[in-house]
Amino acid sequence: VSGIAYVNGLFLPIEEARVSVEDRGFQFADGVYEVLRTYNGKIFAMEEHLQRLARSLDAVEIKNAPSSLMLADIIRDGLHRSQCKEAVIYLQITRGVAPRKRDFPKHVEPTVVMTVRELEPLPDEIRERGLRTITMPDNRWGRCDIKSTALLANVLAYNKARAAGVDDAIFVGADGFVSEATAGNVFVFDGTRLNTPPSGPRILSGITREKMLKLAPELRIPAREAEISVETLKKAHEIFVTSTTIECVSVVQVDDAVIGTGKPGALAMRLREEFLKRVCET
Ligand code: PDD
């Protein structure tokens with residue numbers, strides 16, 4: 001079987017991997033994470049992911065975590081041991097194990113946990129029909145730019161969407177501006193330009209988002225960071241969501257509004273095609 005876990009220096013089967021009940025990740029969601037993937041067995045954009053992880057660690061003041069260089073070794077080692085053909089790599093670092101008090105514990109080593117398992121790609125049927133979504137008030141905290149493990153609001157919103165018979169939720173702030181989907185960034189084509197909400201505390205600026213923002217102009221698709229109102233969202237010619245695991249997937253419905261023709265749009269398809277082409281060239 002493929003797949004493996006890593007806990008503080010040890011590799012072991014995923015089912016056997018354990019952390020303490022007093023881990024602050026468990027007690028307080030006092031941790032940060034990354035999700036990476038491979039293409040043709042090669043880790044994609046590792047440097048960018050490790051840089052973002054370093055920023056997250058810094059933002060939550062988790063000190064003495066392994067360096068990016070050490071983490072890169074752990075990831076490569078894990079990937080090799082996992083025997084996965086195409087892997088998704090989950091890496092989490094928490095503040096460590098200590099009696100449950102709000103104070104940052106002193107002299108505590110961060111907990112480093114990783115799982116490497118076979119990537120489950122988004123089913124083609126869903127990609128080809130496009131995502132149906134509902135909007136939901138963005139009730140998350142004010143630092144969504146930190147890739148924190150505190151994802152309860154995302155989990156609740158996603159499950160509300162599923163219970164409503166759709167695929168995902170798109171968060172909208174109290175000011176009526178779109179932030180992001182429950183696990184991906186949002187792009188909107190207004191007929192002239194591709195828009196995506198600006199990086200800042202309201203979104204997790206995705207690695208895929210950054211890649212798409214660079215790629216679009218190369219394909220002569222004007223793209224920019226700009227606030228998107230919920231009205232603009234619903235009138236969009238095309239919408240898509242980006243993340244490491246799904247790359248870029250069209251959204252064909254937002255609440256009662258049908259987007260474009262109700263089928264996945266040409267821009268998303270074009271961008272994904274080119275994205276994959278470039279991934280394979282590197
Ligand atoms: N999530 N926004 C949120 C809230 C996310 O959780 C993610 C990714 C992204 C896209 O980031 P990237 O392109 O770097 O993957 C945006 C990962 C995949 C997850 O939690 O599973």
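For ligands, and for the atoms within them, numbers begin at 1 and follow the listed sequence.
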Review point. Which bit of Val35 gets closer than 4.0 Å to ligand 1, counting heavy atoms only: side chain, backbone, both or neither?
Key: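 Side chain only; the backbone of Val35 stays clear of ligand 1.
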
Review point. Considering only heavy atoms, does Leu151 approach ligand 1 within less than 4.0 Å through its side chain, its backbone, both, or neither?
Key: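 Contact part for Leu151 vs ligand 1: neither.
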
Give the residue, atom name and distance (to 0.1 Å) of the protein heavy atom nearest [atom].
| atom | value |
| --- | --- |
| atom 10 (C) of ligand 1 | Asn185 OD1, 3.6 Å |
| atom 6 (O) of ligand 1 | Ala183 CA, 3.5 Å |
| atom 8 (C) of ligand 1 | Lys147 NZ, 3.4 Å |
| atom 2 (N) of ligand 1 | Glu180 OE1, 2.6 Å |
| atom 20 (O) of ligand 1 | Tyr33 OH, 2.7 Å |

Review point. Does Gly25 offer a backbone N or O that forms a donor-acceptor pair with the side chain of Asp30 under 3.5 Å?
Key: no

Exercise for review: Applying side-chain contact (heavy atoms from CB on, under 4.5 Å), run through Ile75 and Leu50 and close with a yes or a no.
Suggested key: CA-CA 10 Å; Ile75 293 169; Leu50 290 176; 4.1 Å; yes

Point to revise | Side-chain donor-acceptor pair present, Glu247, Thr242, cut-off under 3.5 Å | key: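 Their side chains do not contain a donor-acceptor pair, so the 3.5 Å distance test is not met.
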
[X] heavy atoms, cut-off 4.0 Å: which ligand 1 atoms fall inside?
| X | answer |
| --- | --- |
| Thr208 | 12 (P), 13 (O) |
| Thr182 | 4 (C) |
| Gly206 | 10 (C), 11 (O), 12 (P), 13 (O), 14 (O) |
| Arg52 | 11 (O), 14 (O) |

**Study point:** For atom 12 (P) of ligand 1, the option (of Val88, Thr245, Ile246, Thr244) bearing the nearest heavy atom
**Key:**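 Going through Val88, Thr245, Ile246, Thr244 one by one, Thr244 has the nearest heavy atom to atom 12 (P) of ligand 1.
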
Check your understanding: Just going by heavy-atom distances, which of Asp145, Thr242, Ile207, Val241 is nearest to atom 14 (O) of ligand 1?
Key ->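 Looking at heavy atoms only, Ile207 sits closest to atom 14 (O) of ligand 1.
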
Practice item. Report yes if the distance between the aromatic ring centroids of Phe44 and Phe275 is under 6.0 Å, otherwise no. Key: yes

Check your understanding: With a 4.0 Å cut-off, would you call Lys42 and Glu86 a salt bridge?
Key -> no

Exercise for review: Using the ring of Tyr39 (Phe, Tyr or Trp, six-membered ring only), decide whether Arg37 places NZ or CZ under 6.0 Å from its centre and within 45 degrees of its axis.
Suggested key: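 Yes, Arg37 sits over the ring of Tyr39.
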
Review point. Is the NZ or CZ atom of Arg102 positioned over Phe28's six-membered ring, under 6.0 angstrom from the centre and within 45° of the axis?
Key: no

Review point. Got a sec: does the CZ of Arg129 have more than 12 other heavy atoms crowding it under 6.0 Å?
Key: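 Counting other residues, nucleotides and ligands, CZ of Arg129 exceeds 12 neighbours.
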
Review point. Would Phe11 and Met114 count as a side-chain contact (heavy atoms from CB on, under 4.5 Å) if you check the C-alpha gap in whole Å, the side-chain angles of each, and the deciding distance to 0.1 Å?
Key: CA-CA 9 Å; Phe11 285 99; Met114 177 177 69; 3.9 Å; yes

